[in-house]
Amino acid sequence: MEGPEDTPLPDLRFFAGLDTAAAHSVPAQDLRVGDVIALGPLDVVPADARLLVSDRLEIDEAALTGEPAPVAKDPAATPGAELAERSCMVYEGCTVPAGTGYAVVVATGAQSEAGRAADLAGHAATPPGIEGHLAALTRTALPAVGIGGAAVTLLGLMQGVPVREALASGVAVAVAAVPEGLPLVATMAQSAAARRLSRHGVLTRSARVLEALGRVDVVCFDKTGTLTEGRLTVTRLTTLDHDALVDSPTGQRLLRTAARACPKPTDGRPLAHATDQAVVDAATAQCRPDHGWQPDAELPFEASRGYSASLGTDAGRPCLAVKGAPETVLAYCTTAVGATRKDGHESIVPLDPARLQAAHRLVRRLAGEGLRVLAVAQGTPATATHPADRLAELVGGLTLLGFLAIADTPRPGAAETVKRLTDASVRVIMITGDHPATAAAIACDLGITQTDTVLTGSHLAAGTGTHPGDRRNLGLRPRLPRAQGPHCPDPPADRARRRHDR
């Protein structure tokens with residue numbers, strides 16, 4: 001039977017009146033299956049829903065799938081797709097960075113993907129603490145203690161010892177064999193450990209935490225926001241020929257043009273796309289105020305288009321700034337910035353097939369290092385006035401300025417923490433929803449290279465690993481990209497289900 005996300009989409013004319021229908025705001029908990037919800041920029045999806053119509057809709061699903069970049073949505077059905085690949089579905093708790101759409105509710109509350117993941121994660125078994133181990137030891141030793149006490153009593157009677165004395169000796173032996181002082185010793189040891197941790201600013205709320213800490217041999221880290229800063233940063237500037245220093249004329253021009261192609265912030269709120277925010281932050285921190293730039297029209301980024309653009313004047317001259325996916329922007333470029341001439345000015349060279357291939361190789365190399373790459377280009381239109389909805393007509397015949405490399409950089413001290421754990425024979429596993437190459441590069445930077453196990457979500461779903469038959473690796477559910485090989489983990493919702501299955 002087809003699920004909601006597999007249902008073929010009816011004729012779009014059936015939904016033609018949705019944009020004019022009356023809208024009512026209701027609490028999320030009052031939504032019911034079959035209700036139609038309207039989605040717009042900065043909205044939070046209130047329930048799992050099947051898209052009916054959408055207009056350049058993008059959803060940030062990082063909380064559910066671990067995917068750090070917004071996902072483009074489309075009403076077309078995706079039968080049999082994995083959770084992260086269901087482009088026709090929107091899920092509770094995710095946010096809308098851009099676009100609009102209408103969707104019909106298919107699940108709410110505990111029945112949603114987020115609710116099911118939280119419910120299954122709550123059923124994870126808690127390993128027994130020291131109290132449980134002491135109870136098991138007592139149950140195991142009790143029969144032996146009873147037998148020993150009875151044997152002492154019997155031997156005393158056989159040697160003519162009075163019954164009362166023989167029985168007292170047997171009871172004394174039985175009582176002496178029970179480790180009644182061990183729980184007190186264990187409690188004192190835990191208290192001493194908690195006191196030592198408090199000197200380092202660690203507050204211990206449960207004795208079980210100390211017990212588990214003492215038995216740790218594997219540590220699983222979430223990458224985004226734990227091992228890394230949790231925000232994108234421009235880490236590298238490069239042209240076709242060489243890396244550019246941020247304070248060089250080439251680097252300043254590259255960064256300033258990229259910032260011009262970003263939408264302007266409104267009311268002090270962060271930009272919808274994290275990459276735009278990273279570019280604007282870098283330009284603000286590294287470049288002088290761009291007073292010469294007067295924007296006239298802008299074309300915001302959309303996943304379906306692959307680039308953003310801004311038209312304006314630079315010191316009175318018409319200028320078109322474009323940035324976006326390298327494969328898209330390169331297709332619109334006919335020239336590129338070449339080597340610096342003796343007079344200090346940059347040369348402009350044709351973007352012939354050889355240079356175009358070199359550009360694609362550079363992009364692949366940067367992506368292989370775990371960097372998100374943006375191409376930056378500039379055009380010189382005849383006029384600086386053009387309708388914003390027709391700005392795409394001017395995108396062509398551009399000059400490639402270079403590339404920006406963006407990454408979620410590791411936290412200070414993260415690599416040292418990984419090294420200390422590794423030196424203590426603790427295995428470190430990194431869990432992330434990033435692209436395999438990105439995950440592998442960050443793991444290499446952090447020094448996580450001690451395992452050969454590389455698993456994906458599909459591998460775990462099929463019960464297979466890199467080493468067939470190694471059930472111990474599958475039981476640990478590792479997610480470790482290593483320098484020699486990438487990985488692509490499963491989303492948090494699927495991870496919760498597999499913890500429950502264990």
Side-chain angles (χ1 to χ4, degrees), residues 69 229 231-265 270-296 298-301 306-315 317-330 332-333 335-341 344-349 351 359 362-363 365-367 369-380 384 395 398-409:
E229 294 282 1
R231 58 184 177 86
L232 296 179
T233 307
V234 176
T235 60
R236 192 168 173 183
L237 308 177
T238 182
T239 66
L240 275 178
D241 302 319
H242 62 278
D243 286 348
L245 297 176
V246 70
D247 56 353
S248 66
T250 300
Q252 290 282 299
R253 182 187 181 190
L254 181 59
L255 196 55
R256 187 182 298 113
T257 303
R260 291 174 176 177
C262 297
K264 293 185 296 183
L271 298 176
H273 290 276
T275 50
D276 287 338
Q277 190 65 53
V279 171
V280 170
D281 289 345
T284 302
Q286 303 294 340
C287 300
R288 292 188 297 273
D290 194 8
H291 297 305
W293 172 250
Q294 298 297 324
D296 180 73
E298 65 180 31
L299 198 63
F301 178 83
Y307 66 87
S308 62
S310 183
L311 176 65
T313 57
D314 183 10
R317 295 186 300 271
C319 179
L320 178 68
V322 179
K323 71 160 181 57
E327 61 274 13
T328 302
V329 175
L330 286 172
Y332 292 108
C333 294
T335 58
V337 172
T340 304
R341 299 194 302 260
H345 293 84
E346 298 169 335
S347 61
I348 304 298
V349 296
L351 191 61
L362 175 61
V363 170
R365 179 166 60 83
L366 292 174
E369 296 175 8
L371 300 171
R372 187 178 300 180
V373 186
L374 295 178
V376 182
Q378 184 174 290
T380 53
V395 179
L398 303 177
T399 298
L400 178 67
L401 301 184
F403 302 94
L404 302 182
I406 299 176
D408 183 9
T409 54

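Sequence positions, counted from 1, serve as the residue numbers for this chain.
For the atom pair CD (Q286) and CG (L255), the distance works out to 7.5 Å, reported to the nearest 0.5 Å. Atoms CG and OG1, on L371 and T235 in that order, are 5.0 Å from each other to the nearest 0.5 Å. Summarising the geometry, atom CD belonging to E229 is positioned 5.0 Å from atom OG1 belonging to T409; distances are rounded to the nearest 0.5 Å. We find the CG-CG distance between D290 and D314 to be 6.5 Å, quoted to the nearest 0.5 Å.
Heavy atoms only, all atoms of each residue included: A259 and V279 are closest at N-CG1, 3.6 Å. Residue L351 comes nearest to A336 through the heavy atom pair CD1-CB, 4.0 Å, listed as atom of the first residue, atom of the second, then distance. Closest approach of Q252 to R288, counting heavy atoms only: OE1-N, 4.1 Å. When every heavy atom of L254 is checked against every heavy atom of F403, the shortest pair comes out as CD2-O, 3.6 Å. Between L400 and V376, the shortest heavy-atom distance links the atoms CD1-O, 3.5 Å. The two atoms that bring D243 and T238 nearest to each other are OD1-OG1, 3.2 Å, heavy atoms only.
Under the 3.5 Å distance criterion, the side-chain polar atoms of D408 are matched with a main-chain donor or acceptor of R231.
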(request) Take L398 and L320, measure what side-chain contact (heavy atoms from CB on, under 4.5 Å) needs, and give me the verdict at the end. (result) CA-CA 9 Å; L398 303 177; L320 178 68; 4.1 Å; yes
(request) Decide yes or no on side-chain contact (heavy atoms from CB on, under 4.5 Å) for L404 and L237, but give the supporting numbers first. (result) CA-CA 5 Å; L404 302 182; L237 308 177; 3.0 Å; yes
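Looking only at side-chain heavy atoms (C-beta outward), V349 and T335 stay at 4.5 Å or farther from each other. You'll find the side chain of R253 reaches within 4.5 Å of the side chain of V337, heavy atoms only.
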Using a 3.5 Å cut-off and no angle test, enumerate the donor-acceptor pairs between side-chain atoms of residues 306-313 and protein atoms at least two apart in sequence or in another chain.
{"residue": "S308", "atom": "OG", "partner": "A261", "partner atom": "O", "Å": "3.0"}
{"residue": "S308", "atom": "OG", "partner": "K323", "partner atom": "NZ", "Å": "3.2"}
{"residue": "S310", "atom": "OG", "partner": "R260", "partner atom": "O", "Å": "3.3"}

